[in-house]
Amino acid sequence: MKIAIGCDHGGYELKLEVLKHLKERGIEFIDFGCNDTSSVDYPTYAKEVTSAVVSKEAELGILICGTGLGMSMAANKVEGIRAALCHDAFSAAATKEHNNANVLCMGGRIIGPGLANLIVDKFIDTPFSNDERHIRRLSMFDSSMAQ
Ligand code: RB5
């Protein structure tokens, strides 16, 4: 399991906490930046992380900006990406189980590290159900699920 992770300045502090958590869990990651709190443009990092997921360099992605909103909008423009903005653990599990989400988005100005890392754990540890009805629904909007 390898995670591609990226943030903008609004998500930088929370990303540090998530990286610490991933290290503690022994989960490999590729950190695409940014690397401090200087103002940057979130689509740059959404592009890097989603490219790594689409190319299968990483199995899952995590994107963190101030709200998670811009990152999720940018990520979902990329073919093959199913990005989910989650600020609760139930949604993080459900979006893996039902939507086979491959990118988790969170807002560093919305939640703290305790909840964020619980969300990350649910997202990583919950498998896709592989249920026929969910595959059918996903293939209705995502051609990468239609094979
Ligand atoms: C940056 O100030 C902020 O707009 C960004 O982090 C994010 O919240 C956008 O959706």
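Both counts, for ligands and for their atoms, begin at 1 and track the order of listing. Positions are given from 1, in the same order as the sequence printed here.
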Interatomic distance, Tyr12 atom OH to Ile64 atom CD1 [nearest 0.5 angstrom]: 11.5 Å
From Leu22 atom CG to Lys2 atom NZ, the distance as rounded to the nearest 0.5 Å: 13.5 Å
Protein heavy-atom partner closest to atom 5 (C) of ligand 1 - residue, atom, separation in Å: Asp8 OD2, 3.2 Å
Between CD on residue Glu132 and CZ on residue Arg137, distance to nearest 0.5 Å: 9.0 Å
Met71 to ligand 1, any heavy atom closer than 4.0 Å: no
Shortest protein contact, atom 9 (C) of ligand 1 (heavy atom only): Tyr42 CE2, 3.6 Å
Shortest protein heavy-atom distance from atom 10 (O) of ligand 1, along with the residue and atom involved: Gly70 N, 2.8 Å
Atoms of ligand 1 close to His9 [distance to a heavy atom under 4.0 angstrom, numbered from 1]: 1 (C), 2 (O)
Asp88-Ser91 side chain donor-acceptor pair, cut-off 3.5 Å: yes
Lys15 and its salt bridge (Lys or Arg N to Asp or Glu O under 4.0 Å) partner, picked from Asp31, Asp36, Asp8: Asp31
Side-chain heavy-atom pair Leu104, Leu60 within 4.5 angstrom cut-off: no
side-chain contact (heavy atoms from CB on, under 4.5 Å) between Asp142 and Asn100, intermediate numbers included: CA-CA 11 Å; Asp142 186 342; Asn100 200 13; over 6 Å; no
Atoms in ligand 1 flagged as close to Gly66, the criterion being non-hydrogen separation under 4.0 Å: 5 (C), 6 (O), 7 (C), 8 (O)
Sub-3.5 Å N/O-N/O distance, Gly68 and ligand 1: no
Exercise check, heavy-atom protein proximity under 4.0 Å to atom 2 (O) of ligand 1: yes
Geometric N/O contact Leu69 with ligand 1, under 3.5 angstrom: no
Cation-pi, Phe123 ring and Lys96 (6.0 angstrom, 45 degrees): yes
Contacting atoms of ligand 1, where contact means under 4.0 angstrom from a heavy atom of Arg109: 1 (C), 2 (O), 3 (C)
Shortest protein heavy-atom distance from atom 7 (C) of ligand 1, along with the residue and atom involved: Cys65 SG, 3.4 Å
Met73 near ligand 1 by a heavy-atom separation under 4.0 Å: no
